[in-house]
Amino acid sequence: MVKICCIGAGYVGGPTMAVIAFKCPEIEVVVVDIAAPRINAWNSDHLPIYEPGLDDVVKQCRGKNLFFSTDVEKHVAEADIVFVSVNTPTKTQGLGAGKAADLTYWESAARMIADVSKSDKIVVEKSTVPVKTAEAIERILTHNRKGINFNILSNPEFLAEGTAIADLFNPDRVLIGGRETPEGQKAIKALKDVYAHWVPDDRILCTNLWSAELSKLAANAFLAQRISSVNAMSALCEATGADVSQVSHSIGTDSRIGPKFLNASVGFGGSCFQKDILNLVYICECNGLPEVANYWKQVIKVNDYQKTRFVNRVVSSMFNTVSGKKIAILGFAFKKDTGDTRETPAIDVCKGLLGDKAKLAIYDPQVTEEQILRDLSMKKFDWDHPAHLQPSSPTTSTNKQVSVVWDAYEAIKDAHGICILTEWDEFKKLDYQKVFENMQKPAFVFDGRNVVDANKLREIGFIVYSIGKPLDAWLKDMPAVA
């Protein structure tokens, strides 16, 4: 029986290994992590991450050929194929701080693999890593191998949170990069044989190591660039009276462009987009390509601008101050159908409003109070480091200004304004007549995801701001300050 071990039981490792176990019943799959609470959650009825369809897949395989364990060294030693899916956070200090990936956890994993291995292994990069990481890892393993052969592969993930299980079941492509040597090609074939259980041959792409590593960064950079492009257009639409939804639909019908990732919003979030672009910027700078680096920097700048613009619109619309005013925040996750808050635009929007002394009532159906308060107290990039290196408790000032509630109507009661920051379906279906009656007047709705029918809300009596849509007369009279 082929044995697979995955180091890291997070958003990538857990779902990916669950689907491999489900599709390959003759392969034993073990997911290991040093964090006992996370492993305990994977072994319980309440999985540590929310992803539609994940529960069913895990429960069908767990205890049969899918296992979750904290005994990292034992299972790594026994495995034929070791996936490494550890964090690669952005460095917060030292060379490349704020841009370069911190490979501390990857290097530790590689050294541990070398230490405990008693048989030849295929080591698979599953984390998002900078180009040439495989070469560095290869050197660590080679210099510590004690007569054991290691083959390094790059197998980047292309999952979208909220649809990860569907993406794994029916991927656009599976990318496997390896050395162009007989041993490297043999390792590629071994991993390809795993995916071939359910992925058609023409969707399994085989490249060299560096092409595979760069393809992951490039894919995320291109997707983020589309979002920043449409968000840049949304600002122009508001200034000219155009409707960004109509503009997006129009350009999306062009077969060369396509309709995906053209929804204007308060900004992109998630664990990869910003981190991968910063990584790309750093790689370009290190390779003497400042013009290319500056091009990708602009994608991040537009994303930050969009969040700042949204906060400015909220404050300026409400008589240029939100001090002491209750603002309902609907949605904190970076998108619907996930509880993930990494780099969610809601963090910067909330911090911006808190900076103007607003009182926030926050509701999200999948994000806990503890997570929200921690996110609002953390410094940038801290989220991707282990929990014991993150702030242990939220600041007192944050606690005084923020309440987290478990009902949208509770968040809205007596609020001066509503900010919709995640496109959860339930926010489309709220009884907005009831909402209006329970709010302070004038009642404002700031729709950062374009989920509500602005005209219907205006008929009820709301003052409505929708990203990239023609401005409410009130908003024209109170322009957003720069």
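Reckoned from all heavy atoms, side chains included, excluding hydrogens, waters and symmetry mates.
Atom CD1 of residue I4 and atom OG1 of residue T16 lie 11.0 Å apart, to the nearest 0.5 angstrom. Residue F222 holds its CZ atom at 14.0 Å from CD1 of I227, rounded to the nearest 0.5 Å. Rounded to the nearest 0.5 Å, atoms CG (L153) and CG (L191) are 6.0 Å apart. Distance check, rounded to the nearest 0.5 Å: CD1 of I463 to CE of M318 gives 9.0 Å. Here the CG atom belonging to L289 is positioned 11.0 Å from the CD1 atom belonging to I283, to the nearest 0.5 angstrom.
Between K307 and D304 there is a salt bridge, since a side-chain N of the basic residue sits under 4.0 Å from a carboxylate O of the acidic one. Ion pairing of E343 with K275 is absent here, as no side-chain N (NZ or NE/NH1/NH2) approaches a carboxylate O to less than 4.0 Å. In this structure, K216 does not pair ionically with E125, as no charged nitrogen and carboxylate oxygen lie closer than 4.0 Å.
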Assess whether side chain to side chain contact (heavy atoms under 4.5 Å, CB included) is satisfied between I7 and V86, documenting all intermediate values.
CA-CA 7 Å; I7 304 172; V86 297; 3.9 Å; yes
Go through the steps for D364 and W424 under the test side chain to side chain contact (heavy atoms under 4.5 Å, CB included), then give the verdict.
CA-CA 9 Å; D364 188 289; W424 288 103; 3.1 Å; yes
Just do the side chain to side chain contact (heavy atoms under 4.5 Å, CB included) check on I277 and N220 with the steps written out, would you?
CA-CA 8 Å; I277 295 169; N220 279 341; over 6 Å; no
Give the intermediate values and the outcome of side chain to side chain contact (heavy atoms under 4.5 Å, CB included) for residues F67 and R62.
CA-CA 6 Å; F67 305 92; R62 194 171 57 195; over 6 Å; no
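In summary, the side chains of Y305 and Q298 do not present any donor paired with an acceptor at a separation below 3.5 Å, with no hydrogens or angles considered. Defined by atom type and a distance below 3.5 Å, a donor-acceptor pair is missing between the side-chain atoms of Y11 and E157. With hydrogens and angles left out, the side-chain atoms of D375 and Q371 include a donor and acceptor closer than 3.5 Å. Side-chain N/O atoms of N87 and W106 include no donor and acceptor closer than 3.5 Å. Side-chain contact check for R374 and T341: no donor-acceptor pair (N or O, by modelled atom type) lies under 3.5 Å.
Here the closest heavy-atom approach between residue A212 and residue S154 is recorded as CB-OG, 3.6 Å. Closest approach of N231 to A264, counting heavy atoms only: OD1-CA, 3.3 Å. Summarising the geometry of S466 relative to A454, their closest heavy-atom pair is OG-CB, 3.9 Å, with the distance given to 0.1 Å. Counting all heavy atoms, side chain and backbone alike, A219 lies closest to R173 at CB-NH2, 4.0 Å. Across C5 and V32, no two heavy atoms sit closer than the pair SG-CG2, 3.7 Å. Nearest heavy atom pair, residue C6 against residue S85, reads SG-CB, 4.0 Å.
Qualifying salt bridge (charged side-chain N to carboxylate O under 4.0 Å, His left out) partners for K74, counting only residues two or more places apart in sequence or in other chains: E78. A search for side-chain contact (heavy atoms from CB on, under 4.5 Å) contacts involving S228 returns F268, V299, V302, N303, not counting sequence neighbours. Under the salt bridge (charged side-chain N to carboxylate O under 4.0 Å, His left out) criterion, D356 pairs with no residue, sequence neighbours left out. Considering only residues two or more places apart in sequence or on other chains, R111 meets the side chain to side chain donor-acceptor pair (under 3.5 Å) condition with E107. A search for side chain to side chain donor-acceptor pair (under 3.5 Å) contacts involving T338 returns E161, not counting sequence neighbours. Under the side chain to side chain donor-acceptor pair (under 3.5 Å) criterion, S108 pairs with no residue at all, not counting sequence neighbours. A search for salt bridge (charged side-chain N to carboxylate O under 4.0 Å, His left out) contacts involving K357 returns nothing, not counting sequence neighbours. For R38, the salt bridge (charged side-chain N to carboxylate O under 4.0 Å, His left out) partners are D33, not counting sequence neighbours. Scored by the side chain to side chain donor-acceptor pair (under 3.5 Å) test, Q366 finds no partners at all (sequence neighbours excluded).
Outside the 6.0 Å centre-distance limit, the rings of F332 and Y363 are not counted as a close aromatic pair. Close placement of the W474 and F319 rings is indicated, their centers lying within 6.0 Å of each other.
Around atom CG of N263, no more than 12 heavy atoms belonging to other residues, nucleotides or ligands sit under 6.0 Å away.
The closest donor-acceptor contact from the side chain of K121 to the backbone of A77 lies under 3.5 Å. In terms of modelled atom types and a separation under 3.5 Å, the side chain of T422 and the main chain of A333 share a donor-acceptor contact. Panel note: side chain Q401, backbone L354; a donor-acceptor pair is recorded below 3.5 Å.
Under the salt bridge (charged side-chain N to carboxylate O under 4.0 Å, His left out) criterion, the residue pairs touching residues 320-336 are K336-D425, with sequence neighbours excluded.
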Mind listing the side-chain donor-acceptor pairs of residues 39-52 below 3.5 Å, one per line with the distance, residues two or more places apart or on another chain?
| unit_1 | atom_1 | unit_2 | atom_2 | d |
| --- | --- | --- | --- | --- |
| N40 | ND2 | A36 | O | 3.3 |
| W42 | NE1 | A9 | O | 2.9 |
| N43 | ND2 | I39 | O | 3.3 |
| N43 | ND2 | F68 | O | 3.2 |
| S44 | OG | A41 | O | 2.7 |
| S44 | OG | H46 | N | 3.0 |
| S44 | OG | H46 | O | 3.1 |
| E51 | OE1 | G162 | N | 3.2 |
| E51 | OE2 | G162 | N | 2.6 |
| E51 | OE2 | T163 | N | 3.0 |
| E51 | OE2 | A164 | N | 3.0 |

What pairs of donor and acceptor atoms, side-chain ones from residues 443-451 against any protein atom, are under 3.5 angstrom apart with sequence neighbours left out?
| unit_1 | atom_1 | unit_2 | atom_2 | d |
| --- | --- | --- | --- | --- |
| D447 | OD1 | R449 | N | 3.0 |
| D447 | OD1 | N450 | N | 2.8 |
| D447 | OD1 | V451 | N | 3.3 |
| D447 | OD2 | N450 | N | 3.4 |
| D447 | OD2 | V451 | N | 2.7 |
| D447 | OD2 | V452 | N | 2.9 |
| R449 | NE | L421 | O | 2.9 |
| R449 | NH2 | F334 | O | 2.9 |
| R449 | NH2 | L421 | O | 3.3 |
| N450 | OD1 | I467 | N | 3.2 |
| N450 | ND2 | I467 | O | 2.9 |

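Using a 30° and 60° split on the angle between ring planes, F462 and F436 fall in the perpendicular class, above 60°.
No side-chain heavy atom of F83 sits less than 4.5 Å from a side-chain heavy atom of V12. Between I137 and V84, every side-chain heavy-atom pair lies at or beyond the 4.5 Å cut-off. At a threshold of 4.5 Å between non-hydrogen side-chain atoms, the residues L280 and L214 count as touching.
None of L330, L353, V266 except one satisfies the side-chain contact (heavy atoms from CB on, under 4.5 Å) rule with C419; the exception is L353.
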